[in-house]
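Below: one structure, written as structure tokens.
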Amino acid sequence: MVDYLDGKTVTCDLNGERTYDRWVGICQADGQDVGAAVIAAGHALDCARYSGGRYRHLETSAAKSRLRQAGYCR
């Protein structure tokens with residue numbers, strides 16, 4: 001993530017929710033949705049509880065077979 005964000009302008013639109021004492025929102029790096037990029041690259045799965053399923057179509061088969069969905073995302 002550090003390498004991906006290095007030198008980019010990051011902006012976040014927080015929706016006011018918090019989970020585990022962290023703010024929830026959508027962040028962009030130079031205009032590209034960070035969540036979408038990480039999920040499309042196979043490094044994460046969509047958390048529909050907070051995304052509303054916005055990223056589900058970007059999940060890779062490899063990530064689905066390798067990563068475990070967090071219990072709070074179901």
Side-chain angles (χ1 to χ4, degrees):
M1 185 61 71
V2 171
D3 290 340
Y4 172 71
L5 296 175
D6 188 40
K8 295 180 180 173
T9 300
V10 177
T11 58
C12 295
D13 182 23
L14 304 177
N15 66 13
E17 290 184 58
R18 291 177 69 130
T19 176
Y20 295 94
D21 206 32
R22 294 173 292 199
W23 293 103
V24 176
I26 298 172
C27 294
Q28 297 189 352
D30 287 347
Q32 182 180 8
D33 185 322
V34 174
V38 171
I39 292 168
H43 299 299
L45 298 173
D46 179 42
C47 185
R49 178 177 178 184
Y50 297 105
S51 74
R54 169 186 303 112
Y55 304 117
R56 179 164 290 144
H57 71 283
L58 298 171
E59 291 180 340
T60 65
S61 299
K64 286 192 252 185
S65 67
R66 186 181 79 254
L67 302 174
R68 190 184 66 144
Q69 183 68 270
Y72 62 83
C73 289
R74 298 183 188 129

Nearest heavy atoms of Ala36 and Leu58, plus distance in Å: CB-CD1, 3.6 Å

Candidate pair Ile26 and Asp33, rule side chain to side chain contact (heavy atoms under 4.5 Å, CB included), full reasoning: CA-CA 7 Å; Ile26 298 172; Asp33 185 322; 3.7 Å; yes

Just distance, no hydrogens or angles: give the donor-acceptor pairs under 3.5 Å from side chains in residues 3-12, sequence neighbours left out.
from: Tyr4; atom 1: OH; to: Gln32; atom 2: OE1; distance (Å): 3.3
from: Lys8; atom 1: NZ; to: Tyr4; atom 2: O; distance (Å): 3.0

Whether Arg66 side chain and His43 backbone form a donor-acceptor pair below 3.5 Å: no

Point-to-point distance, once rounded to the nearest 0.5 Å, from CG of Asp13 to SG of Cys27: 9.0 Å

Tyr72 vs Cys47, side chain to side chain contact (heavy atoms under 4.5 Å, CB included): CA-CA, chis, key distance, verdict: CA-CA 8 Å; Tyr72 62 83; Cys47 185; 4.0 Å; yes

For Gln69, side-chain hydrogen bond (donor to acceptor under 3.5 Å, both in side chains) partners two or more places apart: none

Sidechain-backbone polar pair: Glu59 side chain, Lys64 backbone, donor-acceptor under 3.5 Å: no

Residue pair Met1, Val38: steps toward the side chain to side chain contact (heavy atoms under 4.5 Å, CB included) verdict: CA-CA 9 Å; Met1 185 61 71; Val38 171; 3.4 Å; yes

Tyr20 reachable from Trp23 in the ILVMFWY side-chain graph, under 4.5 Å edges: no

Listed partners of Asp30 passing side-chain hydrogen bond (donor to acceptor under 3.5 Å, both in side chains), at least two apart: none

Minimal non-hydrogen separation, Gly42 against Ala63, with atom names: O-CB, 3.6 Å

